[in-house]
Protein chains: 2
Amino acid sequence: MTVATRKQREREEMRQLILEASRSIFLEKGYHLTSIRNIAERIDYSPGTIYLYFKEKDEIFHALHEEGFRRLIAQMEPLQFVSDPFERLKAMGRIYMDFARNNKDFYDLMFIMQAPMNVEAPECWEMGDTALEHLKNVLRDCQAAGRFKGQDIEFLSFYVWSSMHGMCALYCRDRCQAYPDMDADLLMTRGFEIFVQNLEKL
Amino acid sequence: MTVATRKQREREEMRQLILEASRSIFLEKGYHLTSIRNIAERIDYSPGTIYLYFKEKDEIFHALHEEGFRRLIAQMEPLQFVSDPFERLKAMGRIYMDFARNNKDFYDLMFIMQAPMNVEAPECWEMGDTALEHLKNVLRDCQAAGRFKGQDIEFLSFYVWSSMHGMCALYCRDRCQAYPDMDADLLMTRGFEIFVQNLEKL
DNA sequence: TGGAAAAATGAACAGTGTTCATTTTCTTTG
DNA sequence: CAAAGAAAATGAACACTGTTCATTTTTCCA
């Protein structure tokens with residue numbers, strides 16, 4: 001092993017170390033309450049060192065953004081064993097919703113947080129595109145099976161995604177409190193049921 | 001006019017002055033990029049003065065939060081002239097969506113921004129409750145007219161709200177970029193159409 | 001007009017993201 | 001193995017943040 005390759009490996013390990021620390025603190029305290037000094041302290045390095053591995057705080061954010069999509073896609077794995085397209089779509093919705101519930105902060109990071117998305121980096125959205133492509137494929141399969149007649153896949157997928165996202169976003173940002181007598185999880189579950197009822201008739 | 005009442009009026013005027021400045025800067029730069037010093041500078045006062053009229057930055061935020069709901073409710077005014085309940089519901093959806101499009105930052109402030117909603121202040125949500133009650137009433141009217149049979153108004157209203165919110169939230173936080181070839185406004189319009197189609201069959 | 005009350009100030013505190021001259025550590029070469 | 005050169009890590013410094021509070025200024029009324 002040449003020195004150069006070892007150096008590169010060490011560099012990658014350091015990036016991972018920073019990412020792991022960042023993730024745990026991000027998810028503990030949220031984006032804005034996490035500081036570079038916090039992260040550095042957690043891994044026993046000085047603040048300046050972080051900047052040798054990441055250009056800025058947002059670059060750490062984007063790395064975690066990707067990680068989130070990797071996790072979501074991993075959760076979708078079992079879907080390939082669901083043969084009926086519409087059942088697959090429903091299962092997909094449940095997985096998406098459970099992901100939001102069990103990884104509130106990752107979900108927030110991926111779909112809600114205000115972060116400079118203006119970055120023209122195409123690889124920044126690679127994982128996100130993959131996930132969206134999954135949805136579109138399932139919808140196409142449903143269409144092949146006779147559902148959603150005459151619907152454009154682009155618009156339909158946006159509608160399906162945003163319906164799910166609406167509930168998850170209200171959940172993540174505590175707007176379910178608008179129903180003080182109602183458990184947020186129950187709201188989500190029943191909301192999803194109505195949504196499925198809807199899709200069945202579309 | 002007693003001195004005391006004048007004092008009180010002047011105090012209210014000062015609060016308004018601060019709120020107006022805050023609003024314009026909030027909407028320009030977003031919540032986190034707006035600083036107390038910015039606000040003070042804009043109205044030619046010192047930073048400390050702000051704290052004589054508002055306990056903290058979040059109190060300013062909440063005041064604007066309320067203002068947003070007042071505006072939204074004002075937009076809903078014409079609905080009272082739409083006699084058919086389902087038409088009223090559709091019009092309501094369009095108004096809600098247009099509000100989000102035309103007041104992106106107000107919408108963000110009201111429904112998306114992470115702000116300490118844990119505040120147990122009940123008056124903080126008074127306006128929001130009113131708006132939600134509007135929706136529930138329209139849905140009840142629809143039900144009285146034979147639609148949405150057997151649906152619980154609480155869950156149904158959450159579903160309707162979150163479907164609309166989903167699109168608006170993706171729009172406000174620039175996640176429509178997931179469809180690079182598609183205009184965000186077109187996505188919203190078509191998404192809304194599918195939603196209405198859905199409701200018609202429910 | 002003088003003294004009390006109210007209003008406004010701005011320096012100070014503890015925090016933030018980021019930069020960079022300096023020091024430390026590692027690697028290669030003579 | 002020692003010295004020179006490169007790479008890595010440091011932490012002080014800069015300009016910013018929300019918030020507090022002793023001090024100063026202004027306003028008011030007897």
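Note that the coordinates shown come from a computational prediction; the quantities given were computed from them, not determined experimentally. Just so we're on the same page: letters track the sequence lines, and every chain starts at 1.
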- request: Report, as a single string ordered 5' to 3', how protein heavy atoms within less than 4.0 Å touch nucleotides 10-21 of chain C: B base, S sugar-phosphate only, - not at all.
  value: B-B---BBBB--

task: Could you check how far CG of A:Leu17 sits from C1' of D:dA8, rounded to whole Å?
output: 15 Å

message: Rounding to an integer number of Å, can you tell me how far B:Arg15 CZ sits from C:dA8 C1'?
response: 18 Å

message: Holding to side-chain contact (heavy atoms from CB on, under 4.5 Å), I want the full list of residues that pass it with A:Arg70, two or more places apart in sequence or in another chain.
response: A:Glu66, A:Glu67, A:Met127

field: Distance in angstrom units between B:Ile39 CD1 and D:dG18 P, rounded
entry: 8 Å

task: Could you tell me whether B:Arg88 and B:Asp141 make a salt bridge, using a distance below 4.0 angstrom between a side-chain N and a carboxylate O?
output: yes

query: What is the distance, rounded to the nearest whole Å, between atom CZ of B:Arg11 and atom C1' of C:dA7?
result: 10 Å

query: Is a salt bridge present between B:Glu87 and B:Lys90, judged by a nitrogen-to-oxygen distance below 4.0 Å?
result: yes

- request: Tell me yes or no: between the side chains of B:Ser157 and A:Tyr179, is some donor less than 3.5 Å from an acceptor?
  value: yes

statement: Residue set satisfying side-chain contact (heavy atoms from CB on, under 4.5 Å) with A:Lys55, at least two apart, ordered chain then number -> A:Glu59

field: Nearest heavy atoms of B:Arg15 and B:Tyr53, plus distance in Å
entry: NH1-O, 3.1 Å

- request: Starting at atom OH of B:Tyr45, determine the distance to atom P of C:dT9, rounded to an integer number of angstrom.
  value: 7 Å

Residue list, side-chain contact (heavy atoms from CB on, under 4.5 Å) with A:Arg147, at least two apart or on another chain: A:Phe86, A:Cys142, A:Glu200

query: How would you label the contact of A:Tyr53 with the nucleic acid (heavy atoms, under 4.0 Å): base, sugar-phosphate, or nothing?
result: sugar-phosphate

All salt bridge (charged side-chain N to carboxylate O under 4.0 Å, His left out) counterparts of B:Asp84, not counting sequence neighbours: none

message: Using whole Å, what does the distance between atom P of nucleotide D:dT26 and atom CD of B:Glu10 come to?
response: 16 Å

For nucleotides 23-25 of chain D, tabulate all protein N/O to nucleotide N/O atom pairs closer than 3.5 Å, reporting atom names and distance.
none

